[in-house]
Number of protein chains: 2
Amino acid sequence: MFTKVLVSEDMDDINKGVYTLLSELGIKEIHQVQYCDDAYLKIKKAVLDAAPYQLLITDLYFKTDHREQRFLSGEDLAKALKEVYPALKIIIYSVEDKIQKVRTLINTYGIDAYVCKSRRGLKELIKAIEAVSKNQTYLSPEVETALSKKTDLEISDYDIELLKQLSLGYSKDEISEIFKKNSITPSSVSSIEKRQNKLFIQFKANNAINLVAIVKDLGLI
Amino acid sequence: MFTKVLVSEDMDDINKGVYTLLSELGIKEIHQVQYCDDAYLKIKKAVLDAAPYQLLITDLYFKTDHREQRFLSGEDLAKALKEVYPALKIIIYSVEDKIQKVRTLINTYGIDAYVCKSRRGLKELIKAIEAVSKNQTYLSPEVETALSKKTDLEISDYDIELLKQLSLGYSKDEISEIFKKNSITPSSVSSIEKRQNKLFIQFKANNAINLVAIVKDLGLI
DNA sequence: TTTTATAATACGGATGTCCGTAAGGAATTG
DNA sequence: CAATTCCTTACGGACATCCGTATTATAAAA
């Protein structure tokens, strides 16, 4: 079992709940931060001090306030940490239950567990901690389809960028120009439309308006 | 100060935090529920027993699970309660910080305070409780512009319905037909476009795609 | 290098959107 | 009652989108 754990969560009340839980599990060193940047610095320092954290439990979304932050979300934080310290286990503990987001976190960034905050959230968190300590990954029931589902729909960065530009209200011509300026390829109007048509099919959308509405609900943009 | 308070919040960890806070404020009777329906029943019963609650603190969003619920959100609950028991004070305690939603809750349903969950959420909650006990309304800083802002943009039910149909991917012709079937007036394509143009201006949208993206972000649909 | 496959671009036509103007109705006011 | 105002509806032109097909470019295989 883990002996040194960091909890990154902006809301003080939730933070307290998780802290209590970890104490009950017999974990000796439990530290808490309310900002992603603090989490990164603490983890970095602990490594330099030869006493690294074994586990990070972090929320996904952090309210922004006056403090300027390098990492704006648990996603940014997890991505950066897994690149530098791949040995560090990371559990995401968030209310978010969008499958696509979970899929990215697991497949692309390599996080170890994803637990949805809910009525039984703390109990799920226990399961996750136990699984991760055995080098397993864990997904709480709400999102466990994220991996099982074979339809790894392969939404590329290009698709996301296209959807963003659409949602900002740019026409196909304008998006084509923007892509050319930013050296994003393919950039022709025709290719953009072709890619959009694929998205129509994938998301069962009737038109561009519908498409943007759907991917907004999915949390892709 | 209040002596009998009900807390309605699905997440157990947060619920615990609020409970502790109320205890520290010296409130004697504090009860907790994790479902809106339970809140409604408890409040109703307390009235029948001639020992009514004076204050309800409720979250806005509740995760749905196997239990069938009459009230799906704190909004539904607050609306129903204010109709039947207008004397009951209601504080909404939610992460949601969409101005338009707060505005509706205050102006239409008559809730007494709105506190955004955040790093300082519990401290704001104290202020809200004190204000409400003096028959004042309270809004935490994140949303206090909801009332001061004169631009009560007057988004009508018609507008919301139109935006919904757009987001579902229907063409103007189809929406016109739908409106005619449902006796929603005006229903001509021309009028629908005219109304849409107003929305373009209000939300500074470039086209329908952009418009739907914006109102989705605002939480209007 | 040539052949083949794959991806990117160009183009055209049917349809939909955007936006201005104008005509017809209903309610308000003098 | 007529006049005015406000709202709904109708129509048309410029433009954008959607979607099919055809052509060109790029990369991989023979």
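Quantities reported herein were computed from a predicted structural model and do not represent experimental measurements. Letters go in sequence order (proteins before strands), and every chain restarts at 1.
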K.L.:
Counting the atoms with a prime plus P, OP1 and OP2 as sugar-phosphate, which does B:S187 contact under 4.0 Å by heavy atoms, base, sugar-phosphate, or nothing?
P.N.:
sugar-phosphate
K.L.:
What is the separation between atom CD1 on B:I184 and atom P on D:dT8, rounded to the nearest whole Å?
P.N.:
13 Å
K.L.:
Looking only at the side chain of A:F200 (C-beta and beyond, no hydrogens), which of the listed nucleotides D:dC18, D:dT9, C:dC18 gets closest?
P.N.:
D:dC18
K.L.:
If you compare all heavy atoms of A:S167 against all heavy atoms of B:A213, which two are closest, and at what distance to 0.1 Å?
P.N.:
O-CB, 3.5 Å
K.L.:
For A:N197 and D:dG20, give me the distance from atom CG to atom P, rounded to whole Å.
P.N.:
8 Å
K.L.:
In whole angstrom, what separates A:N207's CG from D:dC19's C1'?
P.N.:
14 Å
K.L.:
Identify which one of B:Y40, B:Y61, B:F62 satisfies the ring pair (Phe, Tyr, Trp, His ring centres under 6.0 Å) criterion when paired with B:F71.
P.N.:
B:Y40
K.L.:
Tell me which nucleotide among D:dC18, C:dT9, C:dT17 gets nearest to the side chain of A:S191.
P.N.:
C:dT9
K.L.:
Please confirm whether the shortest side-chain N or O distance from A:S188 to OP1 or OP2 of C:dT9 is below 4.0 Å.
P.N.:
yes
K.L.:
Taking atom types as they are modelled, is there a donor-acceptor pair under 3.5 Å from the base of D:dA10 to the side chain of B:S190?
P.N.:
yes
K.L.:
Rounded to the nearest angstrom, tell me the gap between atom CG in B:D173 and atom P in D:dT17.
P.N.:
18 Å
K.L.:
Cation-pi check, B:K127 to B:Y138: give yes when NZ or CZ is under 6.0 Å from the six-membered ring centre and within 45° of the ring axis, no otherwise.
P.N.:
no
K.L.:
Rounded to the nearest Å, what distance is computed from the CD atom of residue A:E193 to the P atom of nucleotide C:dA14?
P.N.:
17 Å
K.L.:
Round to a whole Å and report the spacing from CD of B:E177 to P of C:dG16.
P.N.:
13 Å
K.L.:
Let me know the distance between CD of A:E174 and P of C:dC18, rounded to the nearest Å.
P.N.:
13 Å
K.L.:
Report yes or no: is there a donor-acceptor pair, N or O only, under 3.5 Å between the side chain of B:Q196 and the base of C:dC18?
P.N.:
no
K.L.:
Surrounding NZ of B:K180 (heavy atoms of other residues, nucleotides or ligands, distance under 6.0 Å), is the total greater than 12?
P.N.:
yes
K.L.:
Counting side-chain heavy atoms from C-beta on, which of D:dA22, D:dC19, C:dC19 comes nearest to A:K194?
P.N.:
D:dA22
K.L.:
Whole angstroms only, please: what is the CD1-C1' distance between A:I209 and C:dC18?
P.N.:
12 Å
K.L.:
When B:R67 is tested against each of B:D10, B:D38, B:D37 for salt bridge (charged side-chain N to carboxylate O under 4.0 Å, His left out), which residue passes?
P.N.:
B:D38
K.L.:
Of the listed nucleotides (D:dC18, C:dC18, C:dA8), which one gets closest to any side-chain atom of A:R195?
P.N.:
C:dA8
